[in-house]
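Just below is one structure, and these are the notes that go with it.
Model, not experiment: these values are computed from the prediction. Order of the sequence lines fixes the chain letters, A, B, ..., with proteins taken first and strands second; residue numbering starts at 1 for each chain.
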Amino acid sequence: MAETLRRGAGPERRPPLILNASGCLDALTAPAVARSLDAFVTKTVTPLPRGGNPPVRIAETDVGLLNSIGLANLGIDAFLERQLPRLGELGVPLWVSVGGFAADGYAASCARLEGRPEVEALELNLSCPNVDGAAGTAAEIVLACRRVTAKPLYAKLSAATWDLGETARAVEAAGADGLSLVNTLRGLALDERTLQPRLGTALGGLSGPALRPVALAAVYACARVTTLPIVGMGGVARGRDALALLAAGASRVALGTVLFGDPQAPARIRAELAEEAALLGFRTPAEAVGAAHGREDGRSATLDQRLRSFPQNTCKLGTNEAVDRRS
Amino acid sequence: MAETLRRGAGPERRPPLILNASGCLDALTAPAVARSLDAFVTKTVTPLPRGGNPPVRIAETDVGLLNSIGLANLGIDAFLERQLPRLGELGVPLWVSVGGFAADGYAASCARLEGRPEVEALELNLSCPNVDGAAGTAAEIVLACRRVTAKPLYAKLSAATWDLGETARAVEAAGADGLSLVNTLRGLALDERTLQPRLGTALGGLSGPALRPVALAAVYACARVTTLPIVGMGGVARGRDALALLAAGASRVALGTVLFGDPQAPARIRAELAEEAALLGFRTPAEAVGAAHGREDGRSATLDQRLRSFPQNTCKLGTNEAVDRRS
Amino acid sequence: MLRRAALSVLGVEPVGPYTLLRLRRGAIRPGVPGQLFMLEAPGRLLPRPMSLCLAPPGELGFLIDPIGPGTRALACLEPGDELGVLGPLGHGFRLDVERPLLVGGGIGIAPLPYLSERLGHPPALVGFRSEWHAEAAALVPRAEVVVEPTLVTERLPEEPWDVLACGPEPMLRALRRLAPSAQLAWEAPMACGYGACYSCAVELDGEWQRLCVEGPVLSGGLR
Amino acid sequence: MLRRAALSVLGVEPVGPYTLLRLRRGAIRPGVPGQLFMLEAPGRLLPRPMSLCLAPPGELGFLIDPIGPGTRALACLEPGDELGVLGPLGHGFRLDVERPLLVGGGIGIAPLPYLSERLGHPPALVGFRSEWHAEAAALVPRAEVVVEPTLVTERLPEEPWDVLACGPEPMLRALRRLAPSAQLAWEAPMACGYGACYSCAVELDGEWQRLCVEGPVLSGGLR
Ligand SMILES: Cc1cc2nc3c(=O)[nH]c(=O)nc-3n(C[C@H](O)[C@H](O)[C@H](O)COP(=O)(O)OP(=O)(O)OC[C@H]3O[C@@H](n4cnc5c(N)ncnc54)[C@H](O)[C@@H]3O)c2cc1C
Ligand SMILES: Cc1cc2nc3c(=O)[nH]c(=O)nc-3n(C[C@H](O)[C@H](O)[C@H](O)COP(=O)(O)OP(=O)(O)OC[C@H]3O[C@@H](n4cnc5c(N)ncnc54)[C@H](O)[C@@H]3O)c2cc1C
Ligand SMILES: Cc1cc2nc3c(=O)[nH]c(=O)nc-3n(C[C@H](O)[C@H](O)[C@H](O)COP(=O)(O)O)c2cc1C
Ligand SMILES: Cc1cc2nc3c(=O)[nH]c(=O)nc-3n(C[C@H](O)[C@H](O)[C@H](O)COP(=O)(O)O)c2cc1C
Ligand code: FES
Ligand code: FES
């Protein structure tokens with residue numbers, strides 16, 4: 001298992017860190033940060049321009065971030081004409097996130113991107129929680145897009161389903177080249193004084209720390225049922241979060257929410273990741289890919305392993321505000 | 001909308017706080033705490049005894065708790081014979097959580113509980129993340145149970161689905177009397193040193209703070225599409241968490257994970273809830289039920305409301321360890 | 001070009017219910033009054049947008065109303081702490097006006113002291129919810145102060161002033177009716193502050209505009 | 001009957017790499033050596049199971065190995081802080097033994113000082129990973145100390161002692177082979193500590209037993 005997974009990491013010794021489809025960073029305004037990433041996924045582009053959802057569009061909660069951007073974007077025409085040429089000049093491998101409202105919409109966008117050499121891969125956003133309406137099954141959309149493009153196709157899935165493994169297998173069978181896991185979960189936050197929803201659409205997509213264990217589980221579960229390379233994401237804020245996703249089976253790790261608070265996160269996380277991996281005896285972080293599947297019986301760490309030496313930390317630990325019991 | 005929802009709260013002025021199906025409290029060992037609750041839901045009881053999942057079964061993460069108990073329980077026979085009589089003596093309204101692996105298993109247990117006056121209501125656990133195998137659709141199970149019992153039937157659902165509203169409507173049509181929202185999400189945590197899964201089953205159910213925005217969203221979404229009374233739960237640790245669930249549309253709030261760290265939580269949260277509700281101008285917390293649906297256009301709070309006076313807090317705030325950026 | 005730097009805290013001083021956070025200026029320029037800065041909020045996920053309040057040599061001063069977890073975290077900083085600051089961002093007030101009148105409401109007073117300095121201390125009109133809040137008026141030279149129930153809009157002079165204003169949304173809406181050409185500083189929750197995320201988009205004459213790029217100061221017609 | 005109380009911290013002292021946390025005894029009884037206590041871990045969701053290490057009059061002393069967030073939070077308490085403590089819980093060591101020999105490995109030494117006191121200071125054999133860790137041996141009277149690579153099992157006397165032991169799982173498994181009637185204190189992650197949640201269940205002679213109720217001290221046969 002670990003061997004198969006490791007293949008996904010490719011020959012690079014540098015652990016691939018990429019920007020997820022979120023607009024958590026603007027590559028044109030912050031080219032230096034963009035260049036510190038191994039690849040850059042655009043915000044989702046739809047067939048027609050979209051203004052997006054009514055304000056308020058963003059709300060921070062105790063344990064995560066809610067957004068309701070609603071796929072605001074210029075539409076594929078303006079994207080191809082105005083944004084893509086400039087993004088192509090950055091010199092960072094570029095993935096385009098493609099959205100749509102039916103399989104043919106996705107496929108039409110993929111077809112138009114097919115001839116563009118600036119684009120390294122396509123990610124199909126099959127899981128935006130902020131737009132209504134079923135877009136057909138994930139596999140149908142992948143199939144339609146596969147017919148029109150030879151570029152690597154990544155299926156971006158949500159963890160909000162019991163049969164994620166089945167979906168993963170279905171998109172693999174339909175011709176996907178990889179999985180992007182995970183998109184946000186549906187969440188709600190109320191204003192403490194008015195008890196009204198803080199977001200204009202009431203419900204929004206939950207990203208950030210709260211998503212970490214859910215994202216890890218999704219990556220782990222999919223790695224056990226497909227051999228597709230996986231881009232892992234969800235709440236990555238520290239080297240150890242990235243390392244855990246690699247161990248669970250991701251061969252690339254994507255950053256989003258963390259970039260708002262710390263635009264220098266790519267360089268920092270890359271350094272932390274290398275250090276943490278080295279501490280655990282891996283020559284490169286890429287070597288840790290799939291490590292969590294190491295033991296066939298799935299037994300957890302024994303007390304003995306736990307008692308092995310580990311850096312003793314200081315008392316400068318914040319407490320977890322999420323468990324603050326004062327009201 | 002708010003009017004309909006308010007009906008669900010019943011005539012009581014006291015906001016109903018109940019224990020969720022979790023074994024986060026043992027009513028027989030801690031009867032005083034049990035009596036501070038308005039109702040008590042048992043851990044899920046299955047047709048046959050279950051030892052549960054291999055150890056390790058519990059792991060705390062930065063923002064939530066993972067468990068993989070695996071429905072360990074004595075089975076319905078021993079439950080009826082040995083536990084129920086003693087639970088009945090506590091004098092706290094008792095709900096029994098019923099689990100099964102097919103609709104007829106659920107129904108058989110319900111039939112056997114039907115004649116027991118100690119039991120006030122039945123909760124159907126349709127969403128345990130720690131047991132494999134589809135148990136038929138939620139509506140099928142509710143239908144089968146409805147045929148054999150006149151007791152109130154609550155359907156316990158998970159938020160891990162895009163069509164939660166549809167499921168809610170389907171179980172309502174099948175004869176459910178209420179909804180219990182939400183069960184845990186699937187999560188994973190790795191040991192930092194070995195990178196092996198901390199739980200024996202690798203994946204487990206995520207409860208606690210990370211679930212708060214997800215639970216709120218589920219309650220809000222279901223309250224908009226059904227008139228069923230809702231028991232809201234997921235990461236409640238403070239009066240304001242309970243108030244938010246009521247505002248989103250729950251008429252009862254259930255506690256679980258918080259009881260491990262603070263067995264006195266019911267009394268504390270009840271007091272905090274009354275205080276917070278009063279601060280916002282509600283005579284009783286029950287009056288706040290559905291308040292988040294107040295504005296038909298769903299617009300969020302304006303800056304002006306935000307600027308209204310609010311207690312100025314002190315600097316004794318912990319930072320959120322979840323966003324700790326030191327590795 | 002985006003500029004972000006870690007600035008050290010020089011002082012944290014109460015001003016009525018508000019907190020004046022004084023930072024060493026470092027590599028960050030004060031920009032045009034009304035532009036915004038994204039201040040790291042320790043222990044939180046998002047930085048918080050703030051207008052510059054004071055710009056004495058070598059310093060940047062922010063006036064903060066501690067209304068929630070992020071602003072409270074900022075108000076709880078201590079001298080010597082370091083804080084990530086991104087800015088200046090967006091569009092501030094145009095300073096080529098003939099008869100400037102500064103108008104502020106509540107914490108909306110924040111950008112006025114620096115604006116007043118840059119305009120050579122024109123007259124100002126500021127309104128507050130209480131005498132306690134009104135203590136902040138001392139930061140604005142030549143300010144006439146009103147306290148609720150009196151509203152600034154009731155005291156607006158008849159003559160044609162060039163209004164430059166910041167305050168709660170209802171105040172800005174009222175001002176826009178009374179002085180259609182007013183320059184108004186609007187607010188919307190922001191995540192990135194520089195145009196990447198579209199969190200701050202508002203509909204403006206039928207078009208979606210990012211308030212952190214097109215604004216926060218707009219002439220007249222928002223929504 | 002469950003007893004829980006908020007106890008105040010009297011002292012927090014380093015013992016090699018470990019921390020000795022001294023609490024005012026309050027309403028909590030020390031119980032039988034080897035029983036467990038659930039200590040609130042400030043800022044965490046779950047309390048943490050701990051064995052009582054020392055029970056001087058009016059005090060309860062816990063020896064803590066700060067290996068993770070919960071134990072670090074405990075080791076970072078300060079005198080005067082209050083801490084919720086639930087216990088004593090479960091089954092401790094039977095004290096009706098004829099020739100007691102205490103055996104401890106690493107932080108497994110924790111229950112031995114109190115156990116030693118209650119048994120009138122019998123001989124003890126304790127093993128550690130380093131000289132630094134071995135500083136904790138000073139808490140156990142009459143202790144023979146070994147340091148890795150030497151293991152306690154290599155020094156176990158031939159004669160038929162009544163072994164009472166606590167330590168890492170491999171040590172307990174080895175001891176069980178060498179001394180089948182030994183009383184061994186096992187560990188499993190725990191959430192409630194008093195039998196409600198089934199987190200600590202382990203398979204014991206084909207049956208699932210909750211270690212916080214049936215244990216933590218078991219004679220011989222775990223798994
Ligand atoms: C361009 C700009 C300049 C600003 N300048 C200042 C300043 O100089 N001094 C100052 O104290 N504050 C200023 N603010 C407001 C400040 O950014 C917010 O008060 C702060 O982000 C709130 O964070 P919090 O964590 O304290 O509260 P939160 O918990 O984030 O917010 C509390 C409540 O207020 C609502 N809310 C938060 N921010 C806004 C907003 N901008 N518009 C409408 N509703 C909102 C939230 O939805 C929530 O319901 C400015 C905002 C903008 C956009
Ligand atoms: C009955 C009993 C008595 C104990 N007495 C003491 C004592 O006196 N002094 C002391 O320092 N410690 C004692 N422990 C161990 C202590 O409870 C754990 O070290 C602590 O809960 C770890 O919490 P943490 O947040 O620091 O680390 P965590 O992050 O919870 O754990 C770090 C790693 O260790 C694993 N782990 C945690 N606890 C256990 C366990 N019990 N068994 C196996 N693996 C585990 C976790 O899965 C994780 O991988 C005792 C445990 C039990 C069950
Ligand atoms: C502001 C914001 C906007 C997002 N927009 C998109 C999008 O357009 N398309 C998409 O596939 N995912 C979108 N996402 C989801 C992210 O790509 C990612 O799946 C999620 O945020 C989890 O990662 P994180 O916790 O590191 O942010 C968005 C997330 C955020 C926070
Ligand atoms: C240890 C543990 C065991 C649980 N067992 C059950 C169960 O048997 N049946 C069930 O329906 N839900 C079970 N749950 C889920 C809870 O009832 C509840 O849905 C969830 O924990 C969210 O609430 P909380 O965050 O307040 O704990 C369990 C939760 C925990 C933490
Ligand atoms: S805050 Fe991100 S675009 Fe304005
Ligand atoms: S820890 Fe809950 S049953 Fe043992």
Side-chain angles (χ1 to χ4, degrees), chain B residues 19 22-34 42-43 49-74 191-193 198-200 204 207-210 235 237 256-264 318-322 324, chain D residues 1-6 37-49 67-74 76 81-87 89-90 169 186-213 215-216 222-223:
Chain B
L19 175 80
S22 60
C24 291
L25 185 81
D26 181 339
L28 300 176
T29 321
V33 179
T42 65
K43 246 191 100 50
R50 287 175 58 90
N53 287 334
V56 172
R57 293 182 171 189
I58 202 110
E60 192 194 274
T61 74
D62 280 352
V63 293
L65 183 68
L66 289 175
N67 86 77
S68 162
I69 310 296
L71 298 187
N73 79 98
L74 300 175
D191 182 274
E192 279 182 27
R193 277 143 276 189
R198 288 176 59 185
L199 295 180
S207 65
T257 303
V258 68
L259 291 160
F260 290 134
D262 179 9
Q264 264 91 51
T319 53
N320 191 336
E321 201 198 332
D324 182 4
Chain D
M1 192 78 295
L2 280 182
R3 182 157 289 181
R4 188 175 192 268
F37 294 79
M38 294 299 279
L39 270 58
E40 175 192 350
R44 308 303 307 178
L45 286 169
L46 294 182
R48 296 301 194 268
I67 58 143
T71 46
R72 284 203 293 265
L74 286 167
C76 291
D81 288 348
E82 296 249 303
L83 195 74
V85 177
L86 180 74
L89 301 160
E169 230 173 89
W186 299 88
E187 285 193 18
M190 295 179 174
C192 74
Y194 67 94
C197 71
Y198 286 80
S199 332
C200 63
V202 292
E203 218 168 346
L204 189 59
D205 300 329
E207 288 228 17
W208 287 94
Q209 301 285 9
R210 289 161 298 179
L211 216 46
C212 71
V213 175
L222 173 68
R223 277 168 273 193

Which residues pass the side-chain hydrogen bond (donor to acceptor under 3.5 Å, both in side chains) test with B/Ser207, not counting sequence neighbours? B/Thr257

Looking only at heavy atoms, the pair that brings D/Cys197 and B/Ile69 closest together is O-CD1, 3.3 Å

Taking every non-hydrogen pair under 4.5 Å, which of B/Ser22, B/Ala72, B/Pro263 racks up the most with chain D? B/Pro263

Can D/Arg4 and B/Val33 be said to form a side chain to side chain contact (heavy atoms under 4.5 Å, CB included), step by step? CA-CA 12 Å; D/Arg4 188 175 192 268; B/Val33 179; over 6 Å; no

Partner set under side-chain hydrogen bond (donor to acceptor under 3.5 Å, both in side chains) for D/Arg210, not counting sequence neighbours: none

For D/Gly195 versus B/Asp26, what's the shortest heavy-atom pair and its separation? O-OD2, 4.2 Å

Please look at D/Met190 and chain B and tell me whether the side chain, the backbone, both or neither of the residue comes under 4.5 angstrom of a heavy atom of that chain. backbone

Heavy-atom closest pair (D/Tyr194 atom, B/Ala30 atom, distance to 0.1 Å) is OH-CB, 4.4 Å

So, for D/Ala196 and B/Lys43, which heavy atoms are closest and what is the spacing to 0.1 Å? O-CD, 4.2 Å

